[in-house]
Amino acid sequence: MTSTEPEQALSTDVLVIVGGPAGTWAAIKAAQAGADVVLADKGYTGASGATASVGTGIWYVDDVPEVREAAMASREALGADRDWMARVLDETHARMDELARIQRYPFPVDTQGRQLRGDLQGPEYMRRQRTRVRRLGVRILDHTPALELLTDADGVVSGARALDRTTGETVRIEAGAVVLAAGGCAFQSKTLGCDVNTGDGALLAVEAGARLSGMEFSNAYAIAPKGTSLTKTAYYSWATFYRADGSVLEGAGSTRGRSVIARALVTEPVYARFDRATPVERRAMRKGQPNTFLVFDRLGIDPFTDLFEITLLAEGTVRGTGGVRIADQDCSTDVPGLYAAGDTATRELICGGFTGGGSHNAAWAASSGSWAGRGAAAFAARRDRPGHGLRAAGCGEDGMPAPHRCRERRPPRGRHRRTTRGAAVRPKLPAPRGPSGAGAAFAGTWSAVREGLGASGEELFRAREAAAMVAHGRWMYHAALQRTESRGMHKRADRPAPDPAQHHRLLTGGLDEIWSRPESVQEQLVASGGRAA
């Protein structure tokens, strides 16, 4: 595909694409189910991705009926599914117990000696995940991003082609089932660990025929000190927001009132200060997230006493809820042989139309990864190992051109990748023209991608990243136009209120021609395990 030289060839039962929390849990559970597993990671498993770089909260709720009820009720109002939420809470308990017992994760303890399992230190968590994955015999291919999925004659996903970035060689990995756990799309916001989150997994899935869900709930903008990529937002709950003249920006807030900040930033600068934190809270905050304060210290800013200018950075599906549609409780997709987990998959099932960083996302990663790993292992066990005759997914009328077909139109080295990536990430705030205008701009960029996205080796890998970001922009804006109301994080100035008739999930798909339609009641019944959401 990228060379005339013979490509490397591997065969396995389950291929897991990328190795963050969802991917490593998928590999662990598939291996425990008796499957031979290969994990192909875009970066270095255990050290790349959003979780590996930071501390994160996790939706770990005590098994007390009234406490659980309160935790689920707030999300149910946003469109989350009660049965899926209960499953995730149960699975998260099991996975954190496993992390403590088997992987000896050092959870802190309270004064009574009880472990506090509501937070995880990402670097330590992922280091232990990698160690366990290797001990279970999983073959880890670091720095080996997937370029395209492979399907058999019946359209069943049967592996992938990937690029070994250390050698420049193509690797053909034939598999009985594939788990996509490649993270979401953060549009190169440069936030800690998210440089690898360009939405590659969703692009692979759609090329193979999968559908997306909740893409209109992907317009997540994180607060950051201007000129930095520090988008850790938990501590802005203690912040007051100000105009340039020192007056308070009324209605502005981190969890509630971010739209106020966005509107103000269109015409004027906005400043913040963590001035609502008590001295005790300040000490705890510095201890809890030291990397947050490393940035402020380097800038010579005391965020508790000094005003600092802020901006908003688009982080798409990493903080939004949209992603690949989950078709059943084993995290299978609409395409046989293909499973999705973590930020690659939609989180609407447990978050509805709103989420952020950590918490529900971290619980979903551990839970969906485990279900997808078990589901993929069971699927692979029911079929023969795929052999010769596999073809690249997405080569049809609506798919991306196969990379080997692009070589005739290969652009000057590096040129197209830079311009396309710039176009993909250029919008930092909603365009004044609104979603229709931005959608048209993305459509033009996609046409350029389709006409000139030809390269090989490293350039092909980077070009795929650019294509994935452009595709996400198009899916998001198309879905936003179709949902003619305001719900969750989806806000429309022309439709400021929710519409009870639109209390449904919105499916999106396509590459050259984008489409969106409501999910049917029957589709919801299957995905929800027997009842409508």
Side-chain angles (χ1 to χ4, degrees), residues 10 12-58 60 91-109 115-146 162 164-166 171 173 175 179-183 192-197 291 341-344 358 361-374 376-377:
L10 298 175
T12 188
D13 295 323
V14 173
L15 168 62
V16 179
I17 294 178
V18 182
T24 50
W25 279 116
I28 288 168
K29 294 307 167 185
Q32 287 181 329
D36 179 51
V37 183
V38 168
L39 190 155
D41 200 324
K42 186 178 183 177
Y44 181 89
T45 295
S48 67
T51 298
S53 303
V54 299
T56 181
I58 188 165
Y60 186 93
E91 190 73 21
T92 302
H93 266 256
R95 297 290 69 76
M96 294 305 100
D97 180 65
E98 187 174 337
L99 191 63
R101 289 186 300 101
I102 299 176
Q103 293 159 255
R104 303 296 181 187
Y105 181 86
F107 285 105
V109 296
Q115 289 187 340
L116 303 174
R117 296 182 176 179
D119 291 283
L120 292 166
Q121 289 302 315
E124 184 63 20
Y125 174 28
M126 292 312 303
R127 183 184 72 82
R128 291 170 187 264
Q129 286 288 93
R130 181 184 176 94
T131 298
R132 189 163 181 218
V133 165
R134 293 189 66 184
R135 286 175 177 170
L136 286 169
V138 174
R139 289 174 283 174
I140 300 177
L141 308 181
D142 291 313
H143 307 297
T144 307
D164 183 342
R165 297 182 66 199
T166 63
V171 185
I173 309 167
V179 177
L180 289 175
L192 293 172
C194 282
D195 192 56
V196 296
N197 295 133
N291 52 9
D343 290 356
T344 298
N361 303 9
W364 175 247
S367 301
S368 62
S370 299
W371 297 325
R374 295 189 194 106

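Source: prediction; values computed, not measured.
Looking at Lys42, its side chain never comes within 3.5 Å of a backbone N or O of Val18 through a donor-acceptor pair.
Taken to the nearest 0.5 Å, the CG atom of Asp142 stands 9.5 Å off from the OG1 atom of Thr166. Rounding to the nearest 0.5 Å places CZ of Arg95 at 9.5 Å from CD of Gln103. Distance check: Arg117 CZ to Tyr60 OH gives 4.5 Å after rounding to the nearest 0.5 Å. Of the inter-residue distances, the one linking Leu180 atom CG with Thr344 atom OG1 reads 6.0 Å to the nearest 0.5 angstrom.
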Got a list of side-chain donor-acceptor pairs under 3.5 Å for residues 44-51, not counting sequence neighbours?
unit_1 : atom_1 : unit_2 : atom_2 : d
Tyr44  : OH     : Arg130 : NE     : 3.3
Tyr44  : OH     : Arg130 : NH2    : 3.4
Thr45  : OG1    : Asp41  : OD2    : 2.6

Under 3.5 Å, which donor-acceptor pairs link side chains of residues 20-39 to any protein atom two or more places apart or in another chain?
unit_1 : atom_1 : unit_2 : atom_2 : d
Thr24  : OG1    : Gly20  : O      : 2.8
Thr24  : OG1    : Pro21  : O      : 3.1
Thr24  : OG1    : Gln129 : NE2    : 2.9
Trp25  : NE1    : Tyr125 : OH     : 2.9
Lys29  : NZ     : Gln32  : OE1    : 2.8
Lys29  : NZ     : Glu98  : OE1    : 2.9
Lys29  : NZ     : Glu98  : OE2    : 3.1
Asp36  : OD2    : Thr12  : OG1    : 3.0
Asp36  : OD2    : Arg139 : NH2    : 2.7

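When the side-chain hydrogen bond (donor to acceptor under 3.5 Å, both in side chains) test is applied to Gln121, no partner is found at least two apart in sequence or on another chain. Take Arg135 and apply the side-chain hydrogen bond (donor to acceptor under 3.5 Å, both in side chains) test, not counting sequence neighbours, and it matches no residue. When the salt bridge (charged side-chain N to carboxylate O under 4.0 Å, His left out) test is applied to Arg101, the partners found at least two apart in sequence or on another chain are Asp97. The salt bridge (charged side-chain N to carboxylate O under 4.0 Å, His left out) check on Arg134 picks up nothing, with sequence neighbours excluded. Here His143 pairs with nothing under the ring-ring contact (aromatic ring centres under 6.0 Å, His included) rule; sequence neighbours left out. Applying the side-chain hydrogen bond (donor to acceptor under 3.5 Å, both in side chains) criterion to Ser370, with sequence neighbours excluded, gives no partner residue. With sequence neighbours excluded, the residues forming a side chain to side chain contact (heavy atoms under 4.5 Å, CB included) with Ala363 are Ile58, Trp59, Val88, Thr92, listed by chain and number. In this structure, the salt bridge (charged side-chain N to carboxylate O under 4.0 Å, His left out) partners of Arg165, at least two apart in sequence or on a different chain, are Glu458. For Ala52, the side chain to side chain contact (heavy atoms under 4.5 Å, CB included) partners at least two apart in sequence or on another chain are Met126. Taking Pro106 as the reference, Glu124, Arg128 meet the side chain to side chain contact (heavy atoms under 4.5 Å, CB included) condition, with sequence neighbours excluded.
Contact annotation: the side chain of Leu120 approaches that of Tyr105 to within less than 4.5 Å [non-hydrogen atoms, C-beta and beyond].
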So Ile140 and Val133, side chain to side chain contact (heavy atoms under 4.5 Å, CB included) or not? Walk me through it.
CA-CA 8 Å; Ile140 300 177; Val133 165; 3.9 Å; yes
